[in-house]
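In what follows, chains are A, B, ... by sequence order, proteins preceding strands, each numbered from 1.
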Amino acid sequence: MSNYGITLAGMRYDSMLESYVLNSTATRHDLDSVARKYLGEETIHYEDVAGKGVKQLRFDEVSIDQAAPYAAEDADVTLRLHGTLWPQLQSTGRLAEVYETIEQPLLPVLGRMEERGVLVDANLLGELSAEFAEKMAAVEIEAHQVAGHPFNLSSPKQLQEILFEELKLPIIRKTPKGQPSTAEDVLAELAPDYALPQLILDFRSLSKLKSTYTDKLPNQIFAKTGRIHTSYHQAVAATGRLSSSDPNLQNIPIRTQEGRRIRQAFTAPDDFVLLAADYSQIELRIMAHISGDKGLLTAFADDRDIHQATAAEVFDVALDDVTSDLRRSAKAINFGLIYGMSAFGLARQLGISRAQAQDYVNLYFARYPGVKAYMDATRAQAQEKGYVETVFGRRLYLPEINARQAPRRQYAERSAINAPMQGTAADIIKKAMIAVDTWLQEEKVDARLIMQVHDELVLEVRRDQADQVKARIIELMNGAAHLEAPLKVDVGVGNNWDEAH
DNA sequence: CATGTCACG
DNA sequence: ACGTACGTGACATGA
């Protein structure tokens, strides 16, 4: 509508979002699926009237005879769905509040972000593509020499034959289908003893960056605006997070030097800068809040380096005596806790024995008994009620929490541990986005929200207003929730997304 | 379309 | 005995 100069005054209720808040996992949330589940009706599908694939018609090419019943049914079904979904939301805990204070007001914010888009430097990406292509060609020649014959470095099947049949390297792990795995951690383990795995790792890393980012992103610049316009999906992730597609702007590289050069291609127009604001350790702060663990709360109240503080506690050394190795182990433990860790998983992550990993877990829980109590209470609540919830009352149902098959049950248990933290973080940043957008609309300041990456907001700001906007963004993000452990926001400003970090 | 892999938080 | 850290989306291969 906006593309045709039509500004909507506002809206209330959206059957897709109602279905998502009511139960994020039980169904997909497109109109066809929701009508099937809640009304027991099979709707006319878009493909029925427009066809599918390359021959699919635009809706303006569909005859009125066909279009009218389809469109009328959409309106009818939507209204009737609201009639059944809204009362259920109102009678289920705080779900109506989640809908009204988070999801519905977020919708136009996301609309404006998608419409605005982000400026990307196609020339820089082109240069990177050429550079990556050269490096890949060199690696490929060397790999073919080591293998003794040419092969497709991008084919896991061919690679697996060469590594494990021809060269007889040890099989470290198998894929779910029983094939010898050639995944990154496997190749990294083989790399010290054999030449080919490192070459494959180098090739894969370059190939990923080139095919997914430097080759593709320039093609996704929309000619009319000169910008990239992603789609944010508000009813996909079970935990309440957003997702992004076409293109996905929530997985732009950052971890390697070459990856960061891709971020440099995300820029601001003349006289503008990019401002990146991210929540520091938000999930651990939420864990401290929900568990009420004294030690964890104190660490955050004192604004300590949380991984260093954890290391000092678990390994019983003074803060100043925490080595980088101890800190790395503590960091793995902290992440593991957020993910519903098993000793096995921690052992694999740290490359230590399972018994050693179990010792670490036991030590952690002895030092942070509140966290242990929280983990137990969460599992118990999930088993009794069949769901867990975020600080703001968003629910995640876990139908397999009492499954007889252990793998399914354990998977549900890990989700039960993780979902309240990941989901609360999602709630908080959504509230922050609404607050920031409201301020930007009122204040008429020359700045706009551009991207969201789970714990980070990216804005485009007129250069001379950067300081003022930065200060206000920090206030608004910190004010999105009041937890026992204070929120913390780090902000960077720069000419591109890399510089803003 | 399934599979394996890998980019991000 | 079994498979194992949470949540996503995109790509190339190969059937």
Undergrad: Do A:Ile262 and A:Thr214 touch side chain to side chain, with heavy atoms closer than 4.5 Å?
TA: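 Yes, side chains in contact.
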Undergrad: Please work out if A:Gln410 contacts a base, only the sugar-phosphate, or nothing of the nucleic acid, heavy-atom cut-off 4.0 Å.
TA: base
Undergrad: Please report, rounded to the nearest Å, how far the P atom of B:dG9 is from the CE atom of A:Met421.
TA: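 Atom-to-atom, A:Met421 to B:dG9, this comes out as 19 Å.
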Undergrad: With no hydrogens and no angle check, just 3.5 Å: does a side-chain donor-acceptor pair link A:Ser280 and A:Asp278?
TA: no
Undergrad: Only one of A:Glu283, A:Gln281, A:His307 clears side chain to side chain donor-acceptor pair (under 3.5 Å) with A:Asn334; which?
TA: A:His307
Undergrad: Quick one, A:Lys135 and A:Asp202 - any side-chain contact, counting heavy atoms below 4.5 Å?
TA: no
Undergrad: Does A:Lys431 make a cation-pi contact with A:Phe392 (under 6.0 Å, within 45 degrees of the axis)?
TA: yes
Undergrad: Please give, in whole Å, the distance from B:dG9 C1' to A:Asn418 CG?
TA: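 Checked: the CG to C1' distance equals 11 Å.
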Undergrad: When you compare the side chain of A:Leu159 with that of A:Ile200, does any pair of heavy atoms fall below 4.5 Å?
TA: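 Sidechains of A:Leu159 and A:Ile200: in contact.
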Undergrad: Determine yes or no for a side-chain-to-main-chain donor-acceptor pair under 3.5 angstrom, with A:His501 supplying the side chain and A:Gly492 the backbone.
TA: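 Side chain of A:His501 to backbone of A:Gly492, a donor-acceptor pair under 3.5 Å: no, none is there.
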Undergrad: At 4.0 Å (heavy atoms only), tell me whether A:Arg354 reaches a base, stays on the sugar-phosphate, or touches nothing.
TA: base
Undergrad: Heavy atoms only, 4.0 Å cut-off, all strands: where does A:Ala425 land among base, sugar-phosphate and nothing?
TA: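 Answer is nothing: A:Ala425 stays at 4.0 Å or more from every strand.
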Undergrad: Using a heavy-atom cut-off of 4.0 Å across all strands, would you classify A:Gly340 as base, sugar-phosphate, or nothing?
TA: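 Contact class for A:Gly340: none.
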Undergrad: Can you measure A:Gln452 atom CD to B:dG9 atom C1' for me and round it to whole angstrom units?
TA: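 So the two atoms are 10 Å apart, to the nearest Å.
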Undergrad: Under 4.0 Å between any heavy atoms, over every strand shown, what does A:Arg414 touch: base, sugar-phosphate, or nothing? Just pick one.
TA: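 Sugar-phosphate contact only - A:Arg414 comes under 4.0 Å of backbone atoms but never of a base.
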Undergrad: Taking only heavy atoms on the protein side, list every residue of residues 199-212 of chain A lying under 4.0 Å from any atom of DNA chain C, sorted numerically.
TA: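 Within this stretch, A:Lys208, A:Ser211, A:Thr212 sit under 4.0 Å of the strand.
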Undergrad: Using a cut-off of 6.0 Å, state whether more than 12 heavy atoms not belonging to A:Glu134 lie near its atom CD.
TA: no
Undergrad: Report the C-alpha distance between A:Asn402 and A:Arg409 in whole Å, list the side-chain angles of each, state the deciding distance to 0.1 Å, and finish with yes or no for side-chain contact (heavy atoms from CB on, under 4.5 Å).
TA: CA-CA 6 Å; A:Asn402 293 312; A:Arg409 187 177 65 245; 5.7 Å; no
Undergrad: Using a 4.0 Å heavy-atom cut-off, does A:Ala332 contact any base of the nucleic acid, only the sugar-phosphate backbone, or nothing at all?
TA: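 Touches a base.
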Undergrad: Classify the nucleic acid contact of A:Asp246 as base, sugar-phosphate or nothing, counting any heavy atom under 4.0 Å across all strands shown.
TA: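 Sugar-phosphate contact only - A:Asp246 comes under 4.0 Å of backbone atoms but never of a base.
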Undergrad: Side chain to side chain donor-acceptor pair (under 3.5 Å), that's the test. Do A:Glu127 and A:Asn123 meet it? Break it down for me.
TA: CA-CA 6 Å; A:Glu127 287 169 22; A:Asn123 289 331; over 6 Å; no
Undergrad: Applying side-chain contact (heavy atoms from CB on, under 4.5 Å) to A:Asn251 and A:Tyr213, what does each step give before you reach the verdict?
TA: CA-CA 10 Å; A:Asn251 72 346; A:Tyr213 304 104; 3.4 Å; yes
Undergrad: To the nearest Å, give me how far apart CD (A:Glu258) and P (B:dC8) are.
TA: 12 Å
Undergrad: Across the strands shown, which category fits A:Ile252 at heavy-atom distances under 4.0 angstrom: base, sugar-phosphate, nothing?
TA: sugar-phosphate
Undergrad: So do the side chains of A:Ser205 and A:Thr256 get within less than 4.5 Å of each other, counting heavy atoms only?
TA: no
Undergrad: Any chance you could encode DNA chain C as dot-bracket? Rule is Watson-Crick or G-U wobble with both distances under 3.5 Å; [ ] for pairs crossing earlier ones, | for another strand.
TA: .....|||||||||.
Undergrad: Describe the nucleic acid contact of A:Leu337 in one word from base, sugar-phosphate, nothing, applying a heavy-atom distance below 4.0 Å.
TA: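 Contact class for A:Leu337: none.
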Undergrad: If I take atom CZ in residue A:Phe266 and atom C1' in nucleotide B:dC8, what distance separates them, rounded to the nearest angstrom?
TA: 12 Å
Undergrad: Using atom P in both nucleotides, what's the gap between C:dT4 and B:dT5 to the nearest angstrom?
TA: 14 Å
Undergrad: Checking all strands, does A:Asn251 fall into the base, sugar-phosphate, or nothing category for heavy-atom contacts under 4.0 angstrom?
TA: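 Base contact - A:Asn251 has a heavy atom under 4.0 Å of at least one base atom.
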Undergrad: For chain A and DNA chain C, what are the first and last nucleotides along the strand, 5' to 3', with at least one atom under 4.0 angstrom from a heavy atom of the protein chain?
TA: C:dG3 to C:dA15
Undergrad: Whole angstrom is fine here: how far is it from CG in A:Asp278 over to P in B:dG9?
TA: 9 Å
Undergrad: For C:dA5 versus B:dC6, give the span between their P atoms, rounded off to a whole number of Å.
TA: 15 Å
Undergrad: Reckon A:Gln158 touches a base, only the sugar-phosphate, or nothing at all at heavy-atom distances under 4.0 Å?
TA: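 Sugar-phosphate, no base atom in range.
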Undergrad: Look at all strands and tell whether A:Ser415 reaches a base, only sugar-phosphate, or nothing, counting heavy atoms closer than 4.0 Å.
TA: sugar-phosphate
Undergrad: How many Å lie between CZ on A:Arg173 and P on B:dT5, as a whole number?
TA: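 Rounded to the whole Å, the gap is 8 Å.
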Undergrad: Need one value for A:Phe335: base, sugar-phosphate or nothing, where a base atom within 4.0 Å counts as base even if backbone is also close, heavy atoms only.
TA: nothing
Undergrad: Return whichever of A:His454 or A:Pro407 has its heavy-atom-nearest nucleotide of DNA chain C closer to the 5' end.
TA: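 Between the two, 5'-proximity favours A:Pro407.
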Undergrad: Check the pair A:Asn496, A:Gln264 against side chain to side chain donor-acceptor pair (under 3.5 Å), reporting the backbone distance first and the verdict last.
TA: CA-CA 5 Å; A:Asn496 61 61; A:Gln264 293 169 8; 5.5 Å; no
Undergrad: What integer distance in Å separates A:Asn152:CG from B:dT5:P?
TA: 14 Å
Undergrad: Is the shortest heavy-atom distance from the side chain of A:Gln250 to the side chain of A:Thr230 under 4.5 Å?
TA: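 With C-beta onward as the side chain, the pair stays apart.
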Undergrad: With a 4.0 Å cutoff (strictly under), does any side-chain N or O of A:Arg255 reach OP1 or OP2 of B:dA7?
TA: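 False: A:Arg255 side-chain N/O out of range (4.0 Å or more) of B:dA7 OP1/OP2.
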